[in-house]
Participant: 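Here it is: the structure, laid out below.
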Amino acid sequence: MTAIPLRFIAGGPSLTLAPSWFKVLSEEFQQPYMQSLQAFLECELDDKKIILPPPELWFNAFNSTPFDKVKVVILGQDPYHGSDQAHGLCFSVRPEMPIPPSLRNIFKELHRELGAPKASHGCLQRWADQGVLMLNAILTVEKGQAGSHQGKGWEQFTDRVIQQLSEEKKGVVFLLWGSYAQKKGRLIDEKKHWVLKTSHPSPLSAHRGFLGCDHFTQANDYLRRQGNTAVDWSLD
C-alpha cells in the first residue's frame, strides 16, 4: 500500500508513514506534545543543525515494519550520533559502516544460540522486513550530541506506539534490553504478549545477562507456539 504523506516539518522534506501505522497513530500528530516536538525540530533545522538520521528516515522503523506485520519488538534508546550511521532502525547501521560494539555483542549472542555466521555488516533491515519492529524510544539526535533530543516529545510518541501494539495486537514478543527499555515494560500487557528482559548488549553490561540470554531462540519458540513464522535472524 502507498505510504501516507505527513505534514510534519513546515517547509521541510516530505515525510511518509505506512498506512497501517497512520491508522493507529494519526491522532498523535495533533497532540500538543507532538506539535511542540515539531516546532523544536523545525528550529533545529532552521539553525542548520545536522539531525540524524536524515528526516526522510525518521519513521523508517514504521515504514519498514507495518503495524499489521509486527511480531517482535526490539527497543533501543536513541539513534547513533555519528556521521552516516543511523538509518531509523535501532541498533542498526548502514551497510557500509563499521559494526558498533553493542551490535557486535548481539551478533555474538546470535552465533552462540543459533550458530548464525557472524554478519559482515550491521544493517538489520532484513529483520525489519520480517516483522521485527526496530524501535528507538527517541527517533532523532543532533550529530555528535548523544541524547540531545531527549525530553522533547519522542518518548511520549513511542510510549503510545507500544500501548497501541499491546492493546490492538496479541502474541507479540518484546525484547527489552537494559533498564531504559525495561521501563517501557509497564505499557505492555504480559497476559497477551511475551516480554523478555535482560541487560543491555553494550560492552559495559552485556556480561550481566545479555550474553547467554537465549532471547532469539525463545522468541522464535514463542512465535511458533502462536502459529506464527519464526524470524530468520541471519543477515548474510
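Everything numeric in this text was worked out from a predicted model, so none of it was measured.
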Participant: Determine whether the aromatic ring centres of residues F210 and W177 are separated by less than 6.0 angstrom.
Facilitator: yes
Participant: Under 4.5 Å between any side-chain heavy atoms of V172 and K71, yes or no?
Facilitator: no
Participant: List the steps, then state whether side chain to side chain contact (heavy atoms under 4.5 Å, CB included) holds for Q77 with F91.
Facilitator: CA-CA 9 Å; Q77 187 166 349; F91 292 105; over 6 Å; no
Participant: Decide yes or no for H215 and T198: does some side-chain heavy atom of the first lie under 4.5 Å from some side-chain heavy atom of the second?
Facilitator: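 When only atoms from C-beta onward are counted, T198 and H215 do touch, with a gap below 4.5 Å.
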Participant: Should the pair K118 and F107 be classed as cation-pi, given the thresholds of under 6.0 Å to the six-membered ring centre and 45° from the axis?
Facilitator: no
Participant: Which of these, F157, F22, W21, sits in a ring-ring contact (aromatic ring centres under 6.0 Å, His included) with F29?
Facilitator: F157
Participant: Would you say the ring centroid of H200 lies under 6.0 angstrom from that of Y180?
Facilitator: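 For H200 and Y180, the ring centres are not under 6.0 Å apart.
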Participant: Do L75 and F174 come within less than 4.5 Å of each other through their side chains, counting heavy atoms only?
Facilitator: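 No; the side chains remain at least 4.5 Å from each other.
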Participant: Suppose we call two aromatic rings close when their centres sit under 6.0 Å apart. Are Y80 and H87 close by that rule?
Facilitator: no
Participant: Counting C-beta onward and ignoring hydrogens, is there a side-chain heavy-atom pair between L235 and L124 closer than 4.5 Å?
Facilitator: yes
Participant: Kindly indicate whether a cation-pi arrangement holds for K23 with F67, taking the cut-offs as under 6.0 Å to the six-membered ring centre and within 45° of the axis.
Facilitator: no
Participant: Indicate yes or no for a side-chain donor-acceptor contact from T65 to the backbone of F62 under 3.5 Å, with no hydrogens or angles considered.
Facilitator: no
